[in-house]
Amino acid sequence: SQKIEQNSEALNIQEGKTATLTCNYTNYSPAYLQWYRQDPGRGPVFLLLIRENEKEKRKERLKVTFDTTLKQSLFHITASQPADSATYLCALVKTSYDKVIFGPGTSLSVIP
Amino acid sequence: DTAVSQTPKYLVTQMGNDKSIKCEQNLGHDTMYWYKQDSKKFLKIMFSYNNKELIINETVPNRFSPKSPDKAHLNLHINSLELGDSAVYFCASRSKWDTQYFGPGTRLTVL
């Protein structure tokens, strides 16, 4: 069955460093992959989408890579700030009308 | 100018009761979803509607019945509530660029 794993449940990092979160999947061939941010008591908020034919996407301090051979996506936050502390979810989709499968999330804490 | 709204935000009820959660989106999207996020924070899809038509039903007990009166609304009715139904329920809509917009969630507690 399809499985998505995110590198760890929790990740602590010093302010100013680059946070790297990992999303691995098995038994799935997504057309694209998304990253969302979720703050406590709130719904997930979309951050970035990367398609299977794209290697890398950037948005301000965020960068996503997608390796369909390794079945892995890396999500980087450069110059991390305490305000970046949240849970980050990766999500896989096969087609536009297919269900979205979410990973378990990684809770990121950026320490001042 | 909230994009996706849900009511109520909190719902506390007794086992065996029937309850409804309402969702509305003002983004003009054709596709809407219901997700359940359990205590372990896993977000699982329950239902998906496209233009009022059910397109995904993820092995959810038939005590859960979604209803879409129009493409801006997707409500969730739950019969005979059980303890295991306690969770946060999120409504979402999907843009044509495949990004999802989530509502603030409804925290359901079944006593």
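Order of the sequence lines sets the chain letters (A, B, ...), proteins ahead of strands, with each chain counted from 1. Only heavy atoms go into these numbers, but all of them, side chains included; no hydrogens, no water, no symmetry mates.
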Portion of Leu43(B) that has a non-hydrogen atom of chain A nearer than 4.5 angstrom: both
Engaged part of Gln6(B) at the chain A interface, taking heavy atoms whose separation is under 4.5 Å: neither
Listed partners of Ser68(B) passing side chain to side chain donor-acceptor pair (under 3.5 Å), at least two apart: none
ring-ring contact (aromatic ring centres under 6.0 Å, His included) between Phe47(B) and Trp34(B), worked out: CA-CA 5 Å; Phe47(B) 300 103; Trp34(B) 277 110; 8.8 Å; no
Side chain / backbone / both / neither for Lys44(B) at chain A, heavy atoms under 4.5 Å: neither
Ring centre gap for Phe102(A) and Tyr36(A) strictly below 6.0 Å: yes
Per-residue contact mode, Tyr101(B) against chain A (heavy atom under 4.5 angstrom): neither
Residue pairs, two or more places apart or on separate chains, that pass disulfide (SG to SG under 2.5 Å) and touch residues 16-91 of chain B: Cys23(B)-Cys91(B)
